[in-house]
Structure formats: structure tokens, C-alpha cells
Amino acid sequence: DMGPVDLTQVSLAQIERIEVIRGGNSVLYGDNAVGGVVNIITKRVKGEQKNLLLSFNSFRGNELRLGVRRETEKYAYLVDASRRFPEGFRDNNELDAYDLGIGISGAEGDLLPFGWEAKIGLHTEYYQLPGFINQADWDEGRRTRTDTPYDYGESRDWYSRAILSQDVSDALSLNTEVSFRQREALTFMDSWSLYDRRDTRITEISEKVFLTLEGFEMVGGLEYYNQFYNISPMEKDLTVTAKADDQTVDRSSYGLYAK
């Protein structure tokens, strides 16, 4: 994944536990899970929950998080939003980030013969880049290397996921998942004369089969994965250069797994 996950989007208050799984586990976690998996498991909604968090920290930083979650016997929903704004210790080191997540799910029952879950989320951020400083800069009290115009970056990242699950029998269960992620990032590094826009799109479709026979648990999986990644160089005024200057990676993979 060339658009890495921002783990700061996950609040510690939302985490139930973290599992570290060594070795390949592509059957359960997709074709990139070849060396190991760090699985962050968030807390399930129990009853109705409302939360509001406002915090202040060093370097004139502040954070606001709010959320509403509710679970009934057949349905559950959640809405989470947050805003983080630390100025940072160094000059030209601010971060301004916003997050919004919405999810809804339903249990398998009389109305539908399968369980279902849908989630959508949006993350945007603006961050300043102070640049590298050496010992002489530090001794002089200088906390940034970049000069006007200051280096910075910004990104917008949104994702969606849909899951269908069904217990066909006591021994057989099916799970279908479709997910899509799109990330757009802008980099303005005048100190390096580097200006570009980077677009990432990831599509994943998977089908998993869980079978229990005579005390043995078996898992099979079929997966399609597509990743599109493009770098578009820009001029200092942020106009896009010729299309021929773009660097593009577009790859698809198919996997059949059994465990």
C-alpha cells in the first residue's frame, strides 16, 4: 500500500486490544499479509454511548473528539468526528487534521438472510515541514531550515467498506467484503524544488469461506486487489506539468487461499 495508514486517526480510547501475528496470513487479511499482521481491534458498541473529549497539550496543541454509538438487538450505528491541531516544537511545524467516520450494521435475521455492515470515512490534513537542521542551527536557536515560502503538504483520504456475512449452517459460514480507498496528497517543498501531487486508489474484493468438519476448522479465500498510484510533478505555482512527466503504477492481483 503506497498510501500508508495514519495510525493517529485511531484513538487509544477506542482500542480493545492489539494482536501481533507472525508469518503469512493472507487467507484472513489479504495478499499483502505475507510477513505478519498487526491487527488493531476496536471496541464494540454496547448499548448506547456518547463521548466528548477536549484536550490541550504542549506546544499550543489541542484536540477535540466526539462520537455517538448505539447498538440494539438487530442494528448498530456509529458517528465519530475529531479535529487535532498541534503547533509543534519547531517553527513551521503545525498540523491541522480532521476526521469523520460513519458506520451502520445489521444482524442476520428474518428481514435479511445475512448480516451486513457498511462504513465510510474521511480524513483531511494540512501539515508544515520545518526541514533538517544541524547542530550549528540548534546552537543558534534556529528551529527551522525552510524559508519563505515555507514547505508544507496536505492530503485528503476517504475510504468505504461493505461486508456481508451469512451462517449457511452450523458448519459453514460465508463472508464477502468490498472496500475502496482514495488518497490525494500535495507536496510543496520549495527548499528541495519539489512540487507534486500524488493520487492513490485501492480496490479490494474478497470472499471467505469458513468450514468446520469433525473438529477441524478450515478457511478458504478468493481475493481481487487493484492499486493505482500516480505522481504528477508541478511547477512552483502548483500548475501541473505535461502528462508525459507523470509516474504511474497500476497493478492488479488475484489470490486463492486455503488454510
Side-chain angles (χ1 to χ4, degrees), residues 1-11 26 29-35 37-40 79-86 88 92-103 117-132 146 149-163 176-206 223-255:
D1 184 350
M2 296 184 181
V5 175
D6 181 5
L7 294 179
T8 62
Q9 299 179 39
V10 183
S11 170
S26 297
Y29 299 103
D31 67 348
N32 286 325
V34 293
V37 174
V38 177
N39 188 19
I40 301 175
V79 178
D80 287 315
S82 68
R83 191 249 184 174
R84 291 172 290 132
F85 181 76
N92 193 48
N93 197 199
E94 292 181 0
L95 168 67
D96 195 3
Y98 295 84
D99 290 281
L100 174 65
I102 301 173
E117 178 181 342
K119 289 185 177 180
I120 187 170
L122 173 66
H123 170 76
T124 66
E125 65 181 10
Y126 168 84
Y127 50 91
Q128 297 176 329
L129 304 170
F132 171 79
T146 57
Y150 292 126
D151 293 350
Y152 70 92
E154 57 187 32
S155 67
R156 180 177 61 185
D157 190 345
W158 75 272
Y159 68 89
S160 59
R161 183 176 68 172
I163 300 175
T176 304
E177 181 173 340
V178 179
S179 63
F180 178 77
R181 179 186 179 202
Q182 180 168 328
R183 184 175 190 270
E184 302 171 354
L186 171 69
T187 302
F188 183 95
M189 297 183 65
D190 194 55
S191 59
W192 290 71
S193 299
L194 174 64
Y195 323 95
D196 63 42
R197 186 184 67 204
R198 306 183 180 216
D199 299 313
T200 305
R201 294 195 299 270
I202 298 173
T203 304
E204 187 172 1
I205 304 173
S206 65
E223 181 183 67
Y224 166 75
Y225 181 92
N226 175 263
Q227 180 185 68
F228 174 85
Y229 181 66
N230 184 76
I231 302 177
S232 298
M234 308 177 78
E235 303 291 351
K236 186 174 181 177
D237 61 359
L238 300 184
T239 57
V240 180
T241 63
K243 188 70 174 177
D245 296 334
D246 287 10
Q247 303 174 50
T248 303
V249 175
D250 191 355
R251 70 180 182 96
S252 298
S253 62
Y254 302 85

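We count residues from 1, following the sequence as given. Values below: all heavy atoms of this structure, side chains included; hydrogens, waters and symmetry mates excluded.
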> Can you list the steps and then say if Y224 with S252 is a side chain to side chain contact (heavy atoms under 4.5 Å, CB included)?
Replying inline: CA-CA 7 Å; Y224 166 75; S252 298; 3.6 Å; yes

> Between E223 and I205, is a side chain to side chain contact (heavy atoms under 4.5 Å, CB included) present by the stated rule, with each step listed?
Replying inline: CA-CA 6 Å; E223 181 183 67; I205 304 173; over 6 Å; no

>> Applying side chain to side chain contact (heavy atoms under 4.5 Å, CB included) to Y150 and F188, what does each step give before you reach the verdict?
In response: CA-CA 8 Å; Y150 292 126; F188 183 95; over 6 Å; no

>> side chain to side chain contact (heavy atoms under 4.5 Å, CB included), that's the test. Do L238 and L186 meet it? Break it down for me.
In response: CA-CA 9 Å; L238 300 184; L186 171 69; 4.2 Å; yes

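Atom-to-atom distance recorded for E154:CD and R197:CZ is 11.5 Å, nearest 0.5 angstrom. Atom NE2 of H123 and atom CZ of R156 lie 12.5 Å apart (nearest 0.5 Å). Considering CD of Q247 and OG of S232, their distance stands at 9.5 Å, rounded to 0.5 Å. Atom OH of Y225 is separated from atom CZ of R251 by 5.5 Å, given to the nearest 0.5 angstrom. Of the inter-residue distances, the one linking E125 atom CD with L95 atom CG reads 6.0 Å to the nearest 0.5 angstrom. Rounded to the nearest 0.5 Å, atoms OH (Y159) and OG (S179) are 11.5 Å apart.
Evaluation of the side-chain contact (heavy atoms from CB on, under 4.5 Å) rule for Q128 yields N92, E94, Y126 as partners, not counting sequence neighbours. Every salt bridge (Lys or Arg N to Asp or Glu O under 4.0 Å) that R83 has, sequence neighbours left out, goes to D96.
Contact annotation: the side chain of W158 never approaches that of R183 to less than 4.5 Å [non-hydrogen atoms, C-beta and beyond]. Looking only at side-chain heavy atoms (C-beta outward), R84 and D99 come within less than 4.5 Å of each other. Taking 4.5 Å as the limit, some side-chain heavy atom of E177 sits within range of a side-chain heavy atom of R161.
Exactly one residue among T200, T203, D157 makes a side chain to side chain donor-acceptor pair (under 3.5 Å) with R181. That residue is D157.
Side-chain contact, N226 with D250: a donor N or O sits under 3.5 Å from an acceptor N or O. With 3.5 Å as the limit, one finds no donor-acceptor pair spanning the side chains of D246 and T248. Between Y127 and N93, the side chains place no donor N or O within less than 3.5 Å of an acceptor N or O (distance only, hydrogens not considered).
In this structure, T187 contributes its side chain and G153 its backbone to no donor-acceptor pair below 3.5 Å.
Remark: K236 engages D190 in a salt bridge, criterion side-chain N to carboxylate O under 4.0 Å. Salt bridge D196/R198: present, at least one basic N to carboxylate O contact under 4.0 Å.
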